[in-house]
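Reading through the structure tokens given below for one structure.
Just so we're on the same page: letters track the sequence lines, and every chain starts at 1.
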There are 2 protein chains.
Amino acid sequence: MRLFANRGFHETSMSEVAREAHVSKALIFWHFKTKEELFVAVLNRLLEPYFIDFAEEAGVLDERAQIKKLVEFYLSFVRDNASSVRFFLAQMLHDQHFSEGLNEQVLKLYSGYRSMLVELIARARQKGLCNVRFSPEAAAGFLLSALNGILIEHLFVANNPLDPDAAVAMVSEWLFGEENSSDGGKAVA
Amino acid sequence: MRLFANRGFHETSMSEVAREAHVSKALIFWHFKTKEELFVAVLNRLLEPYFIDFAEEAGVLDERAQIKKLVEFYLSFVRDNASSVRFFLAQMLHDQHFSEGLNEQVLKLYSGYRSMLVELIARARQKGLCNVRFSPEAAAGFLLSALNGILIEHLFVANNPLDPDAAVAMVSEWLFGEENSSDGGKAVA
DNA sequence: GTTACGATTGACCGACAGGTTAGCGAGGAC
DNA sequence: GTCCTCGCTAACCTGTCGGTCAATCGTAAC
């Protein structure tokens with residue numbers, strides 16, 4: 001996992017994997033038919049932390065708090081798993097047809113997250129908590145774009161702290177009209 | 001260029017390059033000392049279209065129009081050069097220390113774009129054209145995040161048209177309070 | 001104690017990688 | 001005509017790649 005994640009598929013040789021794992025190369029080929037098979041196994045293992053049960057975390061929170069928690073969760077996850085996120089991003093960008101299965105899973109995750117957002121925003125608007133003019137779908141899409149933008153800025157601009165709280169504050173302001181004392185915009189920039 | 005851009009560094013062999021170029025492999029090694037040297041030459045060639053002179057395009061437009069043009073330009077470029085953008089993104093994500101020179105150049109481009117945005121927003125605010133509350137830096141940062149978010153959605157979600165006009169409309173609304181008839185949010189979502 | 005079987009190994013294979021080298025052929029200088 | 005250089009190539013070199021295979025080890029069943 002470490003080798004594949006740090007150096008990618010083509011730059012990692014089975015001999016290296018065997019050496020680092022302190023087993024013979026032949027043993028790996030006994031457990032996994034091909035290098036690709038091992039790689040997709042690694043992909044799936046690396047993908048596991050991405051599947052979390054948000055329902056249990058939601059609990060008795062109201063929609064506004066749930067949305068904020070969802071956003072905060074997204075950004076904290078990216079912050080804490082930056083290298084993994086970077087790896088998957090690079091993998092999907094590069095071998096888009098080699099890793100079709102991965103693409104599929106990630107897209108499922110992503111659309112799951114989006115639909116949660118859409119539903120939450122819709123309910124919030126119904127309750128009058130949310131004063132944004134767009135449709136829930138458009139608002140969620142816009143929100144996701146912003147989150148992804150923050151994500152890639154974090155990955156590329158080296159010394160970027162990625163402060164989830166500040167971002168959540170901005171989102172709150174935009175979505176709920178909540179004013180907050182701190183300078184919300186600065187962190188995103 | 002085609003081989004490296006489509007398949008990446010490690011998946012492209014010098015023999016293939018030679019075959020596609022209808023020359024001998026040795027000739028390539030006569031012109032370029034190593035495979036890496038050829039690759040960075042290719043990178044620089046592929047990067048050329050990214051350097052454009054925006055000043056000439058700005059002309060006599062006011063700040064509001066310039067900002068809109070800048071945003072529209074960014075998105076149109078991404079739309080028209082999607083595969084190139086994808087390649088560079090993947091390259092920078094993957095070999096972040098191998099392609100340090102590339103990283104540097106791209107970052108320079110990026111910060112140049114950002115500072116143009118910052119300055120334009122600052123001037124627009126001075127003239128009272130822009131009613132956004134944030135500092136110009138924060139506004140530009142937020143805007144760039146949104147643009148990057150749209151970019152990666154376009155790259156990953158397959159059938160995503162990336163309509164620059166709709167995005168520009170959204171930006172206008174956010175930045176200048178311009179209302180427009182079309183449903184702006186839909187395209188971004 | 002023998003058998004059976006899954007786990008494990010070192011030695012090995014053909015293919016191909018990046019890179020080198022000896023030399024060929026055309027053309028300008030003299 | 002001879003020489004020299006430049007652009008170019010076929011053939012080759014060495015190392016490593018993904019993958020195979022016959023043989024061995026450990027252990028549980030009988």
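In this structure, B:Glu104 does not pair ionically with B:Lys108, as no charged nitrogen and carboxylate oxygen lie closer than 4.0 Å.
Heavy atoms of A:Ser24 sit under 4.0 angstrom from at least one base atom.
Panel note: side chain A:Asp95, backbone A:Gln91; no donor-acceptor pair is recorded below 3.5 Å.
In this structure, A:Pro164 and A:Ser76 approach most closely via the heavy-atom pair CG-OG, 3.8 Å. In terms of heavy-atom proximity, B:Phe9 sits nearest to B:Lys35 at O-NZ, 3.0 Å.
Distances shorter than 4.0 Å separate none of the side-chain N or O atoms of B:Ser13 from OP1 or OP2 on C:dC16.
Note: CD (B:Glu11) to C1' (D:dG18) measures 15 Å, nearest angstrom. Rounded to whole angstrom, the span from the NE2 atom of B:His10 across to the C1' atom of D:dT16 amounts to 14 Å. To the nearest angstrom, P of D:dT14 lies 21 Å from CE of B:Met14. Atom NZ in A:Lys25 sits roughly 8 Å away from atom P in D:dC17 (whole-Å rounding). Atom CZ of A:Arg19 is separated from atom P of C:dT8 by 20 Å (rounded to the nearest Å).
Judged purely by distance below 3.5 Å, without hydrogens or angles, the side chains of B:Thr12 and B:Glu16 never pair a donor atom with an acceptor atom.
Contacts between residues 26-41 of chain B and DNA chain C, defined by a heavy-atom separation below 4.0 Å, involve B:Ala26, B:Phe29, B:Thr34, B:Lys35, listed by number.
Aromatic ring centres of B:Phe88 and B:Tyr50: separated by under 6.0 Å.
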